[in-house]
Amino acid sequence: MQKISLAAKYNGRKVVVVPTMGYLHAGHLSLIKKAGENGDLVVTTLFVNPTQFAPNEDFEAYPRDLERDSLMAEESGADILFYPAVDEMYPGGYNTNIRIKGISEKLEGEKRPTHFNGVATVVAKLFNATLPDIAVFGQKDYQQTLVVKQLVRDLNFPVQIIVSPTVREADGLAMSSRNTYLSPDLRSKAGIIFEALEAARMAVEDGERDRKIINAVMLKHLRSVAEIKVDYVCAVDASTLEEAPKFEPGQRIALLIAVYLGKTRLIDNALVTLPPAEFPPRKKRFVEGL
Ligand code: AMP
């Protein structure tokens with residue numbers, strides 16, 4: 001893989017990587033298409049990474065279909081599908097783990113304490129294997145995009161990170177390989193997650209700035225479905241994921257939701273940018289200017 005990437009770079013081609021865990025859907029394919037628009041050699045990686053799953057999570061059950069994935073990736077413009085085996089990525093004696101503090105300890109990190117260590121480590125390994133100029137990640141996993149950006153900054157990876165918008169089903173449900181776990185009945189109720197995000201986004205756009213009220217709007221929608229158990233909902237600063245009681249003009253807010261629908265854990269998010277501060281009244285500016 002490294003030889004192929006180095007040869008491409010030597011010939012002046014830009015290498016773009018799209019890391020995935022496979023069982024591809026239209027969300028992944030939009031990332032592969034975006035990769036093709038931004039570079040010359042598109043590498044899709046397919047690796048269900050055991051180290052980002054906790055022992056009680058769905059590593060074994062995670063859906064897999066290499067043949068289908070390779071056809072879909074190729075049709076969407078991937079030049080290479082890189083699918084290492086687990087013991088190639090983590091051979092006997094493997095002993096390194098990247099731990100990112102701060103951003104990866106909040107929210108998803110609090111609920112899944114080893115998850116982002118696994119993500120950061122495998123992303124670093126995939127970057128070293130594929131040597132990309134650019135990597136494309138989905139906004140769907142918003143906190144993951146912040147963790148990857150931190151990794152790139154801290155460890156000097158010469159990789160530009162592109163974040164691509166979330167692709168949704170007709171009822172607004174964010175596409176996910178895990179949606180296949182949902183029974184038809186639960187699937188028909190899953191659109192409420194997007195409705196909750198939309199309601200909160202509209203509340204913010206209508207002027208609501210109180211974090212508790214924004215959260216309550218999301219909770220009200222989610223609680224209308226009995227089978228939903230809320231893991232967390234929050235409205236936080238989009239760069240730091242810090243909770244502030246109120247939001248300031250010009251601030252970018254991330255609305256984040258994690259729920260269990262039956263036994264299936266689903267996450268989704270929306271970003272809202274608050275309008276900038278109005279220009280201060282003329283008289284006040286004059287007095288302050290003195
Ligand atoms: P996964 O295979 O779930 O690890 O996802 C691989 C990449 O696809 C990650 O960067 C995800 O954020 C991205 N992705 C997953 N679902 C979607 C979606 N519905 N829309 C856009 N990107 C997505």
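Throughout, numbering of the chain's residues begins at 1 and tracks the sequence. The structure displayed is predicted, hence computed values, not measured ones.
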Between CG of L219 and NE2 of H221, what distance do you get to the nearest 0.5 Å?
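One gets 10.5 Å once the value is rounded to the nearest 0.5 Å.
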Side-chain ([X]) to main-chain ([Y]) donor-acceptor, under 3.5 angstrom:
X    : Y    : value
K106 : L241 : no
S5   : Q2   : no
R68  : L24  : yes
K34  : I162 : no
T45  : F82  : no
E208 : D210 : yes
N97  : G118 : no
Y142 : A238 : yes

Pick from Q143, K140, Q139: which one makes a side chain to side chain donor-acceptor pair (under 3.5 Å) with N269?
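With N269 as partner, Q143, K140, Q139 yield a single side chain to side chain donor-acceptor pair (under 3.5 Å), made by Q139.
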Taking side chain to side chain donor-acceptor pair (under 3.5 Å) as the criterion, tell me which of T264, N179, D171 meets it with R187.
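Only one of T264, N179, D171 forms a side chain to side chain donor-acceptor pair (under 3.5 Å) with R187, namely D171.
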Any heavy-atom pair between the side chains of [Y] and [X] that's under 4.5 Å?
X    : Y    : value
L256 : I267 : no
V15  : V43  : yes
I192 : L261 : no
H28  : V18  : no

Angle between ring planes, Y90 versus F47, binned at 30° and 60°: parallel, tilted or perpendicular?
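Y90 vs F47 ring planes: tilted.
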Using a distance-only test with no angle check, is there a side-chain donor-acceptor pair under 3.5 angstrom linking D69 and Y83?
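Short answer, no.
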So, E108 and Y232: side-chain donor and acceptor under 3.5 Å apart, yes or no?
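The answer is yes; a qualifying pair exists.
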